[in-house]
Amino acid sequence: MVTIPHNSGDIGGFLLTWLPILLLLVLIVLLWRTAANMPRVKPAPVEKTANGSVAWSDVAGLDEAKDELKEVVEFLTDRRRFEQLGARIPKGVLLYGPPGTGKTLLAKAVASESGANFYSASASAFVEMFAGLGAARIRKLFDEARKNAPAIIFIDELDAAGSTRTGGGGYNREHDSTLNQLLVELDGFAERADVIVIGASNRLHDLDPALLRPGRFDRQVHVAPPDLKGREAILKVHTRSKPLASDVDLVRVARQTAGLTGADLANICNEAAIYGAREGVQHVRAIDFDNALERVIAGLQSRRVVTDKEKRILAYHEAGHALMSHLMGSMMPIHKVTIIARGDALGYAYYLPDEERYLHTKEELVDVMKVALAGRAAEQIVFGRVTNGAASDLEKVTAIARSMVFEFGMSDLALSRTLRADNYALSEETKTMRDNEQALLTDHAYNEAERLLRKHRAPLDRVAASLLEYETLDRDELAKMLHDVGAESHASETVGTVRVLERAAE
Ligand code: ADP
Ligand code: MG
Ligand code: ZN
């Protein structure tokens with residue numbers, strides 16, 4: 001019991017009674033604040049957002065990702081239909097792509113369109129916590145979601161917890177315990193169809209493979225930076241509530257913003273409105289967009305905005321791949337070719353073989369090399385010089401040529417395979433001979449690629465111009481554009497491909 005002095009006029013008695021309590025209180029507050037300010041402790045990273053905020057129509061472009069996620073909404077709203085047929089509803093969907101491309105936005109749209117409760121947390125906050133706390137938070141997050149099902153759990157920056165890269169010391173252990181808890185939770189609600197986990201990560205390759213196993217994040221959806229059409233759609237979404245002057249041409253803005261993400265574009269629209277408002281105009285004008293663009297792009301110093309010159313080189317490089325793929329017939333059919341950056345690649349050609357085959361002839365492998373080398377060849381032909389843009393192509397080609405000589409016995413000089421043990425036992429002559437054979441094969445493929453592209457310079461120009469205009473071309477568009485260009489492959493009877501190609505598609 002605390003006795004309160006009756007005589008409040010007696011200052012000394014008052015202090016004597018209250019001072020210790022006051023000091024204690026101050027001490028407690030100080031301690032508590034210090035603890036809160038300790039670098040590794042963050043406020044609870046769990047956040048529950050109200051539903052109904054993001055609709056599908058707020059997400060522009062990203063059609064493939066949207067289709068995939070609309071299915072998730074169906075799982076949540078109509079799961080009987082799937083369960084009746086014994087379908088196992090996926091538990092985890094992983095969205096991967098560069099920052100600002102709309103991963104969080106997509107997850108929110110799933111939550112609001114499905115009427116599910118939305119729980120979001122960032123994995124980086126978990127692993128920064130004191131020992132054991134990260135794992136406890138994960139447990140709490142999943143418990144809450146289960147209690148309030150149907151629910152979506154969104155875990156942002158998944159690579160922070162599930163990265164294959166190892167940090168040092170304590171961080172590492174905490175990282176592991178957080179990851180383990182996450183795996184336990186993912187495995188623990190196999191029977192629950194009304195809780196779906198959506199993860200987001202900038203890079204797929206950095207993730208611990210354990211996270212990607214069946215029953216965990218087994219659906220992976222690439223969220224790519226927008227192409228021209230996508231950027232136009234995003235600009236439309238973000239100008240919906242902004243009155244635009246008649247001189248604003250969103251297609252033009254889209255053209256000027258190659259390489260930028262949805263977040264950048266949203267930012268540009270907002271900045272433009274701010275410029276306009278400052279000037280006291282009633283409508284956002286083209287000049288406001290110009291100013292906003294300048295400002296936003298200047299603020300991106302560290303990030304790449306592809307210059308027009310680079311774009312031209314990229315367009316020819318990828319057009320080289322695409323045209324050669326066409327010339328080689330069915331060997332490496334192009335699924336899509338684009339000059340929009342993805343991962344480390346500034347542009348890429350995505351091949352999709354019609355059927356899985358396991359046998360391939362020497363001629364076919366040479367064709368594959370031609371397709372892979374055609375990017376470099378196109379640069380050489382059109383610009384008279386080459387860039388560092390072909391590094392991964394060359395890696396691919398080297399691997400194929402090496403396998404041909406060292407494993408498949410496809411060298412003209414010696415029908416033999418290099419056994420692992422041979423690496424030490426081989427004579428220097430044999431080693432040199434095989435290295436030469438490998439180089440010859442590669443050079444031959446490259447020369448052929450250059451010859452063929454020179455011969456078909458007009459279609460090469462056509463595809464490159466089209467890529468510059470639309471940034472992405474799919475298989476049908478390419479086929480239409482090249483319908484009058486015949487095949488030039490020597491691999492008349494195609495027996496097989498793949499394996500190699502699958503890797504080539506990366
Ligand atoms: P991420 O999670 O991939 O880093 P966000 O979803 O947080 O990106 O995107 C940030 C903001 O950028 C969004 O809130 C939205 O305003 C805008 N944005 C990004 N992508 C799109 C898109 N495809 N359509 C419309 N707005 C987008
Ligand atoms: Mg995000
Ligand atoms: Zn290439």
Side-chain angles (χ1 to χ4, degrees), residues 47 49 53-66 69 94-110 120-124 154-160 198-203 221-227 229-241 254 257 260-270 296 313-325 332 334 337-339 342 344-351 369-379 386-397 449 504-506:
E47 157 207 330
T49 320
S53 39
V54 179
W56 287 128
S57 57
D58 294 327
V59 187
L62 300 179
D63 291 336
E64 282 166 47
K66 263 159 85 173
L69 289 171
L94 175 72
L95 306 174
Y96 67 98
T101 45
K103 298 182 292 297
T104 308
L105 192 69
L106 277 166
K108 284 186 176 161
V110 173
S120 92
S122 169
S124 69
F154 178 57
I155 304 182
D156 211 348
E157 299 180 76
L158 194 61
D159 30 329
I198 299 179
S201 168
N202 293 342
R203 296 183 55 114
V221 180
H222 183 225
V223 184
D227 62 7
K229 276 200 202 105
R231 293 198 300 275
E232 190 191 340
I234 293 172
L235 288 167
K236 273 197 187 129
V237 165
H238 288 279
T239 49
R240 266 195 312 222
S241 58
T257 45
L260 298 196
T261 64
D264 300 328
L265 296 172
N267 194 9
I268 286 174
C269 293
N270 192 51
V296 169
I313 298 177
L314 277 172
Y316 268 101
H317 180 107
E318 301 304 334
H321 286 309
L323 175 58
M324 192 59 65
S325 153
M332 299 252 299
I334 288 263
V337 59
T338 176
I339 54 170
R342 166 182 178 174
D344 297 332
L346 287 174
Y348 70 97
Y350 184 78
Y351 309 99
M369 290 203 283
K370 282 184 224 161
V371 175
L373 288 166
R376 157 66 60 104
E379 289 179 27
V386 297
T387 69
N388 58 348
S392 73
D393 295 335
L394 294 179
E395 198 179 320
K396 219 176 295 168
V397 168
E506 292 252 303

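Just so you know, ligand 1 is whichever comes first in the structure, and atom 1 is the first atom listed for that ligand. Side chains are part of it too, since the values below use all heavy atoms of this structure and drop only hydrogens, waters and symmetry mates.
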Chemist: Starting from atom 21 (C) of ligand 1, find the nearest protein heavy-atom neighbour and note its residue, name and distance.
Modeler: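 Its nearest protein heavy-atom neighbour is Leu105 CD2, 3.7 Å.
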
Chemist: Please confirm whether Ala200 comes under 4.0 Å of ligand 1, counting heavy atoms of the residue only.
Modeler: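 Heavy atoms of Ala200 never come under 4.0 Å of ligand 1.
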
Chemist: Check Thr104 against ligand 1 and report side chain, backbone, both or neither, counting heavy atoms closer than 4.0 Å.
Modeler: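 Looking at Thr104 and ligand 1, atoms from backbone and side chain both fall under 4.0 Å.
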
Chemist: Just wondering, do Asp58 and Arg240 contact through their side chains at under 4.5 Å, heavy atoms?
Modeler: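 Arg240 reaches Asp58 side chain to side chain.
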
Chemist: Tell me which protein heavy atom sits closest to atom 8 (O) of ligand 1, plus the residue, atom name and distance to 0.1 Å.
Modeler: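 Closest protein heavy atom to atom 8 (O) of ligand 1: Gly102 N, 3.2 Å.
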
Chemist: Distance check, rounded to the nearest 0.5 Å: Leu260 atom CG versus Leu265 atom CG?
Modeler: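 Those atoms lie 5.5 Å apart.
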
Chemist: Run the numbers for me: atoms of ligand 1, each under 4.0 Å from some heavy atom of Asp58, listed by number.
Modeler: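 The atoms of ligand 1 under 4.0 Å from a heavy atom of Asp58 are 24 (N), 25 (C).
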
Chemist: Identify, by name, the N, O or S atom of Asp393 lying closest to the Zn ion (ligand 3).
Modeler: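 Of all N, O or S atoms belonging to Asp393, OD2 is the one nearest the Zn ion (ligand 3).
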
Chemist: What's the NE2-the Zn ion (ligand 3)-NE2 angle here (His317, His321), rounded to 10 degrees?
Modeler: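 About 100°, to the nearest ten degrees.
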
Chemist: Are Asp156 and Ser122 linked by a side-chain donor-acceptor pair shorter than 3.5 Å?
Modeler: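 Their side chains do not contain a donor-acceptor pair, so the 3.5 Å distance test is not met.
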
Chemist: Would you check if the Zn ion (ligand 3) lies under 2.8 Å from any N, O or S atom of Glu318?
Modeler: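 No.
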
Chemist: Tell me, do Glu379 and Ile313 make a side-chain contact under 4.5 Å, heavy atoms counted?
Modeler: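 Yes, at least one pair of side-chain atoms sits under 4.5 Å.
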
Chemist: Could you tell me whether Ile234 approaches ligand 1 through its side chain, its backbone, both or neither, with non-hydrogen atoms closer than 4.0 Å?
Modeler: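 The part of Ile234 near ligand 1 is the side chain, not the backbone.
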
Chemist: Tell me which protein heavy atom sits closest to atom 18 (N) of ligand 1, plus the residue, atom name and distance to 0.1 Å.
Modeler: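 Going atom by atom, the protein heavy atom closest to atom 18 (N) of ligand 1 ends up being Gly262 C, 3.6 Å.
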
Chemist: If I take atom OH from residue Tyr96 and atom CG from residue Asp159, how far apart are they, to the nearest 0.5 angstrom?
Modeler: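 That separation rounds to 13.5 Å.
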
Chemist: Taking only heavy atoms of Pro99 into account, list the atoms of ligand 1 that are under 4.0 Å away from them.
Modeler: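 In order of numbering, the contacting atoms are 4 (O).
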
Chemist: State, with a plain yes or no, whether a side-chain heavy atom of Arg376 is found less than 4.5 Å away from one of Leu394.
Modeler: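 Of all side-chain heavy-atom pairs linking Leu394 with Arg376, at least one is under 4.5 Å.
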
Chemist: I'd like to know whether ligand 1 has Gly61 as a neighbour, heavy-atom separation below 4.0 Å.
Modeler: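 In this structure, Gly61 fails to qualify as a contact of ligand 1 - no heavy atom is under 4.0 Å.
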
Chemist: Please verify whether a non-hydrogen atom of His238 lies at under 4.0 Å from ligand 1.
Modeler: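 Judged by the 4.0 Å heavy-atom criterion, His238 does count as contacting ligand 1.
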
Chemist: With respect to Asp156, determine whether any N or O atom, backbone or side chain, lies less than 3.5 Å from an N or O atom of ligand 1.
Modeler: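 In fact, backbone or side chain, Asp156 has no N or O that close.
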
Chemist: Enumerate the atoms of ligand 1 whose separation from the nearest heavy atom of Ala263 is less than 4.0 angstrom.
Modeler: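 Reading through ligand 1 atom by atom, the close ones are 10 (C), 12 (O), 17 (C), 18 (N), 19 (C).
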
Chemist: Which atom pair, heavy atoms only, marks the closest approach of Ala65 to His222?
Modeler: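 Between these two residues, the closest heavy atoms are CB-O, 4.4 Å.
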
Chemist: Which ligand 1 atoms are under 4.0 Å away from a heavy-atom of Ala60?
Modeler: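 Reading through ligand 1 atom by atom, the close ones are 22 (C), 23 (N), 24 (N), 25 (C).
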
Chemist: Would you indicate which of Ala233, Cys269, Pro226, Gly100 comes nearest to atom 1 (P) of ligand 1 when only heavy atoms are counted?
Modeler: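 It is Gly100 that holds the nearest heavy atom.
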
Chemist: Are the side chains of Thr338 and Asp227 in contact, using a 4.5 Å heavy-atom criterion?
Modeler: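 With C-beta onward as the side chain, the pair stays apart.
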
Chemist: Does the side chain of Lys66 reach to within under 4.5 Å of the side chain of Val59, using non-hydrogen atoms?
Modeler: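 Result yes, sub-4.5 Å side-chain heavy-atom pair found.
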
Chemist: Could you give the distance from CG (Leu105) to CH2 (Trp56), rounded to the nearest 0.5 Å?
Modeler: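 Taking CG in Leu105 and CH2 in Trp56, the distance rounds to 9.5 Å.
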
Chemist: Step by step, work out the side chain to side chain contact (heavy atoms under 4.5 Å, CB included) result for Val221 and Lys103.
Modeler: CA-CA 10 Å; Val221 180; Lys103 298 182 292 297; over 6 Å; no

